[in-house]
Amino acid sequence: STSTGGSTASTGSGAFKTGPGVDLAAKSITLGVLTPLSGPAALIGSPLTNGQKAYFDSLNANGGINGWKVNLTVQDTKYDPQTQVQEYNQLAPGVLFLGQSLGSPTTQAIESLASSAGILVGTAAQDSAFVNQKINAVIGTPYAVDTANAMFYVSQHKPAAKLGIIYQNDAYGTDGLKGFTAGVAAYNLNKVADATYNATDTAFTSQVLAMKNAGADTVVLTALPTPAATMVGTAASMGYHPQWIFQGPAWSEFLMSSTGDPTGKATAVAPALVGVWILDYEAAWGDTSVAGMNQFLAVQKQYFPTQVPDNYFLYGYCLALMEKNLLAKAIAARDLTRAGVLDAKLHLGTIDFGGLLPNATYTPSLGPADRQTGISQVDAGAPGYLKQIEPYFTSSAAQSMTFAG
Amino acid sequence: MTTFAQLLFAGIALGSVYALVALGFTVVFRATRVINFAQGEMLAFGAFLTSWLVLSGGLPFWLALVVGAGVTAGIGLAFQALVLRFALGRPDFTVVMLTLGLAAILQSAIPPLFGSNPRANGDPWGASALHAAGLVLNWVQIWSIVTAVVVLVAFYWFNRSHFGLAMRAAAADEEAALAVGIPLRRVFAVAWALAGLVACIGGVFVAGFPSTLDPTVGNVALLAFPAIILGGIDSTTGAVLGGFLIGAVQELTAGYQPQYLSWLGHNFYLAAPYVVMILVLLVRPYGLFGSRPAERL
Amino acid sequence: MNALEVRELSLRFGAVAALDGVSFDVAAGELFAVIGPNGAGKTSLFNLLSRITPLSSGTVRYFGQDLLAFRAHELAGAGMARTFQNLGLFLPLTALDNVLVGRNHAMRAGLVGSGLRLPAARREEAANRRAAWEALAFVGAAAVAQRPVGSLPYGMQKRVEIARALAMEPRLLLLDEPVAGMSRGERGEIAELVGRLHADTDTTVLLVEHDMGVVMGLADRVLVLDFGRVIACGTPAQVQADGKVVAAYLGQPLP
Amino acid sequence: MSALLEVRDLTVAYEPGLALDAVTLEGADGGATCLLGPNGAGKTTLLRAISGLLRFHGGRILAGEVRYAGQRVTGADPARLVAAGMAQVLEGRRVFTTLTVDENLRTGPLGRRHKQRRGEQRDRVLALFPRLAERLGQPAGLLSGGEQQMLAVGRALMSSPGLLLLDEPSLGLAPLVTQGIAAALAQINAEGTTLVVVEQSSALAQAVARDGYLIHTGEIRAHGPLSQLLADEQVLSTYLGVKQA
Amino acid sequence: MTGLAVAARVGDAPPSRSLLPKDARPGWRRLWLAAIAVLGLLLPFMVNGYWLATAVFVLIAAIGALGLDVLTGRTGQISLGHAFFLGAGAYTGGVLGGRYGLSAALWIPAAAVVAGILGGLVGPTALRLRGLYLAIVTIGLVFIGQHVFVNVSYLSGGPGGEALPVPRFGRLNFATGAHVGGLFLNRDGLYYYLALVLLAGAMVYVSNVGHSRPGRAMSAVRDRELAAAVLGVDVARTKVTAFVLSSMLAGLSGALYGSFLGFVVPTQWNLTLSIQYVVMIVVGGMATVWGPVLGAAVVVGLPALLQNVSGSLPFLATGTNNHGVLTVSDASAIAYGVFLIVFLLVEPRGIVGLGRRFASLGSWFATTRQEKKADGVNTD
Ligand SMILES: Nc1ncnc2c1ncn2[C@@H]1O[C@H](COP(=O)(O)OP(=O)(O)OP(=O)(O)O)[C@@H](O)[C@H]1O
Ligand SMILES: Nc1ncnc2c1ncn2[C@@H]1O[C@H](COP(=O)(O)OP(=O)(O)OP(=O)(O)O)[C@@H](O)[C@H]1O
Ligand SMILES: [Mg+2]
Ligand SMILES: [Mg+2]
């Protein structure tokens, strides 16, 4: 009953073109999701996929897109490129496009396959490698743009800052470094130190000492939660208290307490984390001053009531929202083929996430959909431990940043 | 100078964790001639369990540590009783593969049991530290060093006991050991239980402040390999000294190499322990304290 | 020409003097036995001769050449073969393959020739298989040629090892306790075999053995070592009558 | 005399095939029994089956039973048997190569009782093998072949066993030492230890044992007083391959 | 040798026959081989994309495992450094095929050669080390290799990774798929046959070497180094040869793997990868030709199978591991560990050993009890 090849049907005015994964009779669309549900990256993959799932479940329950229902077929990639390729091969013939491909190395592994098949990839990877690719649809701000924006913020509030950065030695970290470097140059800031670490490290004394000895008073961490917390803790125990700036993925509410919310036991490092700036582009969970928040919370309560406040869940929800707009455009054009989807993405224009994320823009000239960053501060009392201190903004350095590809 | 001292202290603290991991390796190796590839996972399991007992179970830390170490030792025991028992007389290689099987099981059992969020290890010291001579010495780290030394001394006496001798005999020749009346199963069971015990203790300290606990904590075992080889794989003293040495090498390299030997590339400290290990082995093929095989034609 | 000229050979392991100023000559074609109490240094002597223990003090001339000129694996090509007291067999390999390893020095096939089964390599392989087979047949082990030697009884393993040494087509054959662990009947067979080999070819044989029946029946001359020193050397009859040898080694034979 | 060791209809196979076929044997309490037979007859296999070490060689007991001191011990834990007084010298020496001579002698069942007994035996063993006394601190793997054999025998004597199984104890030993072992075995036998000896050179066997069993191709072909067996021409020529002059 | 060969029983036999043991193998062995060959050739037309990709990964891994077996299984030098040589092969392909745009007919062999040269350089430093000391030093190779890969961006594209080239032999472009003899093969199909041909060649080659002088020298070194030297085997040379051959196959495998994956990051050439290869040869059966292949099939294929089964379960019926619920992937990883343990307890000699056991079971029934008893006993 489902179609794996393309087909054309005449309903009403003109032919409705469909591609793989589209069942015209049942008005259903199948999307593939390649995401880590096990291993360390499941921490990201699980809530993110749940958010996406919640959005589509709610959409389907409320009449879908003009009656079209969206189904997700999920495969666990374990964040392993080899598995990703296998799963891609498994999914590709039966889906219209990939609703999610999480991770940089994993998405890279299927990049050439997907582009030769002309499949759109909803890309949950924030390093800027994908922003100029036709087939990748990315929401949110690339890491490089985030750090560049952060440098603008620093130039406004601490123009004399002595800056340092510690970044993870991979695609994520080098992207953060790129924006940091661009921002420092653009705003004539004083960079005094940089250091890097590997994802498998357990001790970070030397990196922290490098910052301390260079006299850095403002330090960017393009890191993952455990290393980031360890660095902050190490510094605190040395009596070294710079202004920490966390790249988005460095933050996790579980760094503050054993349950991720105030019901749990506070961690040893929690006091040292208070006051850290977090770069993000997502609204704070529960901040109902944002237009889309009420609906988001309602959907979450209905479909994933056990979900603790988690940015990845919100991100997944927004990814789905972008894809809904994309599909709506393709349906309107009566072209649910892969080519039609790609075309729809190029001409999607601006999408309003109801304030959950800054508006995103998709045009044929590609580039990041979004160059805005907000800044929050860790606050022991705030919901999700975060309080926004600077709403979304785009700096000139971010605006003028160029990307390869 | 304070930088040097601070790095050295950090290195020794890190080294004490390596030492505890290395002791786990040697105790199994001395009895079985086998490298236990599940040591890292046993460590992770012990640390998670202890943390869970404190944070969710509400046990006081010391009690939790005793229970956690006991259960982890029990895993070692169970592995011996349910699996290795049937592998008596099998090639060492096969047994190594069996430990890989255990590693796979434990690794995948941790997230479902404890979740994969970073979490605190539940120790009572938290971020408290001793401030002396311009240095900051975290209590967790001090305790970690003390524990490593205490465990070393305990192992030293244990090895000199009749039981320790039985362990070495078992490692030398299982069949002959049985033939002289050494209860192999009991010997192996004790070795595995001890491995579990020190794994748990090591795990708790790996995840002590300023670090946090996450499922990748078992990776520390990989970093302990140079320590056990450097010390000599069958030497208890070697394991501990190797651990301290490697910890210090790693931290000092991390602290100074970017400044003075930057051409060696970013993060050379990760490769440095292995470079040191290889250099030592080229001079002493059986490590600093390891015994050469007594073989002749 | 002498097969071996050994002069002032000494070897120490820490406080233990395994060999202490040992000198002797072995004539080409001679069957020369070395006996002595356990730990007297007999195997150590063999290890020095086959260059697996470094030679530090004293000199050895091997068919006129300085033994130091050879590395261990080159001696096979120079005609020296030996068996081992504790068996030096490759247990998982078949008896035939074990013997074929002994023919390694006579074979040239490399990764290209053997991997691609080039004609020259195939011819060489076939010829050497035949030779190996003959050696096994000579010692009466043809029946087990295709069995892994690890599953063979001890006595059969010893035969295979002798076959392997023979297959090396040695000029000098070192046998370290070839009949230990064999039954009475088999001892006779092996002794006969060694005697036959010695008689039929001009192979020089150096024999270490604790079975006096075998030694005295076979040897042209006997050298007796004790604590690494030569305490006697002469014909079997001379040695057997030597009081020092009786006291240190022979004792009163069991009934 | 009652039988300390009884073997009934023991059938044993290795992967390639049968090695023992319905073997029955008795070791009288305080007796000294010799197993004779050519290479590959199954002597070692029989000892392995008695002491429970078959599994190390991929062998299985298909049928039959072993009794020690009246109890069924077929397939029992070898270490338990040793603790219960059954000691053995394995084929091929099998000393602990990485342990020193002294440590080799100190290995044995755990527990205070055993430890004490070993203390008493040590002097006796070192008196029997003065060579070992000179080498106490040396790793056993570096000993000469004969020295290792002395150590293997000495190690088995350390537990002053009730039943001692010896697989070719004189392997590679100098005549003088073989004579010493023969005397020592005769003495501990006289003190009450039951002996089962596998020997290829019948000299030692004859000096020690009184009963004899002849094994050939996994079956008992003859048994009786050892002197009679060894005097039997047919036994010698058919089974032991001794060519008659 | 294969799991199907029955240990030939040779009486006081006509030497001519036993000299060529291959002739003594039962005829049905050929049948088996033919069946496997047919299956191997038709597979791409019998399975879906998931299994085709999995099959390609299996074949590619089998080449690498065959290489590791030469070093570890046949020569006894335990190596956990295989990942380094796999990586070296991949990056050689990347530089020559990607940066310089050479034909695959050049960069694929070049990957083997470069890795082989690296093996030849590493081999001598390993000569003094035994057993586990060697194993762990080779772990050092992995860590140092990763350090180099991360830092030398020219090779690896730096920490962020690098896209690797897709093979192209003149007009035969793997990226687009191609018509071969009237059949259209897509990208994966082409990779499949390329890997199949290379694997088959490698198997024949390794088997030939194993049955002749160099192979026997390797076994001798593995079993008793000193005895081997006395018998005239140049131990050092044999070990280095094994290192070279092993890393050549690793390089070949790595180049194909990287290319098929399309994009590689330095951290993937890690210890876990090395360990997987060791598991392959142990599970399959060491020092055999089919062992590494079957081992690769299990190590790569079994998780894929378990994963695939999990895919058919309803979405998120399993929950997420944030809430302490067993995910299907965790469950399948546990199942894999349990399988490894149970399998090795049941059959320590690997799958090939299992096959032998069945084969000898057959011959067990075929021979009479009396024959069995007489087997190997010297009755003269
Ligand atoms: N591990 C084994 N695997 C397979 N077969 C074996 C094994 N050990 C022994 N056998 C076989 O069992 C039979 C009996 O061997 P056993 O070692 O018991 O003989 P034996 O009488 O002790 O001989 P020897 O005097 O040479 O020591 C022989 O045919 C032998 O090939
Ligand atoms: N590598 C070594 N280290 C220390 N001592 C050694 C070493 N090799 C040999 N020895 C000692 O040297 C002496 C001579 O040993 P060797 O093996 O040559 O004796 P042997 O005459 O062959 O004795 P056997 O008749 O028992 O085989 C022995 O006492 C032995 O313990
Ligand atoms: Mg000797
Ligand atoms: Mg025997």
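Note that this is a predicted model, so its numbers are computed, not measured. Computation of the quantities below employed the complete heavy-atom set of this structure, encompassing side-chain atoms and omitting hydrogens, waters and symmetry-equivalent molecules. Each chain gets a letter, A, B and so on, in the order the sequences are listed, and its residues count up from 1.
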**Q.** Step-by-step ring-ring contact (aromatic ring centres under 6.0 Å, His included) determination, Phe24(C) to Phe32(C)
**A.** CA-CA 11 Å; Phe24(C) 62 91; Phe32(C) 188 86; 5.3 Å; yes

Find out whether [X] and [Y] are in side-chain contact, i.e. whether some heavy atom of one side chain is under 4.5 Å from a heavy atom of the other.
{"X": "Leu197(C)", "Y": "Leu166(C)", "value": "yes"}
{"X": "Val26(C)", "Y": "Leu206(C)", "value": "yes"}
{"X": "Val125(D)", "Y": "Arg122(D)", "value": "no"}
{"X": "Cys34(D)", "Y": "Leu226(D)", "value": "yes"}

Q) Checking heavy atoms, do the side chain of Ala15(C), its backbone, both or neither come under 4.5 Å from chain D? A) neither

Q. Which bit of Val16(C) comes within less than 4.5 Å of chain D, counting heavy atoms only: side chain, backbone, both or neither?
A. side chain

So which heavy atom on [X] is nearest to which on [Y], and how close?
{"X": "Met158(D)", "Y": "Gln121(D)", "answer": "O-CG, 3.3 Å"}
{"X": "Leu173(D)", "Y": "Gly146(D)", "answer": "CD2-O, 3.3 Å"}
{"X": "Gly172(D)", "Y": "His210(C)", "answer": "O-CD2, 3.1 Å"}
{"X": "Thr194(D)", "Y": "Ala28(D)", "answer": "CG2-O, 3.1 Å"}
{"X": "Ile35(C)", "Y": "Lys42(C)", "answer": "C-CD, 3.7 Å"}

Q.
Nearest 0.5 angstrom please: Arg187(C) CZ to Glu189(C) CD, how far?
A. 12.5 Å

Q) Have Arg82(C) and Ser50(C) got a donor and an acceptor in their side chains that come within less than 3.5 Å? A) yes

Q. So, Thr44(D) and Tyr154(C): side-chain donor and acceptor under 3.5 Å apart, yes or no?
A. no

Contacting moiety of [X], where chain C heavy atoms sit under 4.5 Å:
{"X": "Gln149(D)", "value": "neither"}
{"X": "Leu171(D)", "value": "side chain"}
{"X": "Glu168(D)", "value": "side chain"}

Q. How are the rings of Tyr213(D) and His223(D) set relative to one another: parallel (under 30°), tilted (30 to 60°) or perpendicular (over 60°)?
A. parallel

Q: Under 4.5 Å, counting heavy-atom pairs only, tell me which of Gly181(C), Ala180(C), Ala40(C), Ala248(C) racks up the most with chain D.
A: Gly181(C)

Q: Among the options Gly188(C), Gly39(C), Gly155(C), Ala18(C), pick out the one with the most heavy-atom pairs lying under 4.5 Å from chain D.
A: Gly39(C)

(Q) Applying the side-chain hydrogen bond (donor to acceptor under 3.5 Å, both in side chains) criterion to Asp176(C), which one of Thr83(C), Thr43(C), Asn47(C) satisfies it? (A) Thr43(C)

**Q.** Heavy-atom contacts under 4.5 Å, residues 227-247 of chain C to chain D
**A.** Phe227(C), Ala247(C)

Q | Residue-level interface, residues 216-225 of chain C with chain D, non-hydrogen cut-off under 4.5 Å | A | none

Q. Given the options Met150(D), Arg131(D), Glu91(D), Glu147(D), which has more heavy-atom pairs under 4.5 Å with chain C than any of the others?
A. Arg131(D)

I'd like to know if [X] and [Y] make a salt bridge, using a cut-off of under 4.0 Å between side-chain N and carboxylate O.
{"X": "Lys158(C)", "Y": "Glu186(C)", "answer": "no"}
{"X": "Glu161(C)", "Y": "Arg164(C)", "answer": "yes"}
{"X": "Arg124(D)", "Y": "Glu191(D)", "answer": "yes"}

Q: Apply side chain to side chain donor-acceptor pair (under 3.5 Å) to Glu199(D) and Ser170(D), showing your working.
A: CA-CA 8 Å; Glu199(D) 264 293 326; Ser170(D) 70; 3.0 Å; yes

Q. If you check every heavy atom in residues 49-58 of chain D against those of chain C, which residues fall under 4.5 Å?
A. none

Q.
Only heavy atoms, only distances under 4.5 angstrom. Which residues in residues 92-102 of chain D are near chain C?
A. Arg93(D)

Q | Trace of the side chain to side chain contact (heavy atoms under 4.5 Å, CB included) decision for Leu18(D) with Val12(D) | A | CA-CA 6 Å; Leu18(D) 284 190; Val12(D) 171; over 6 Å; no

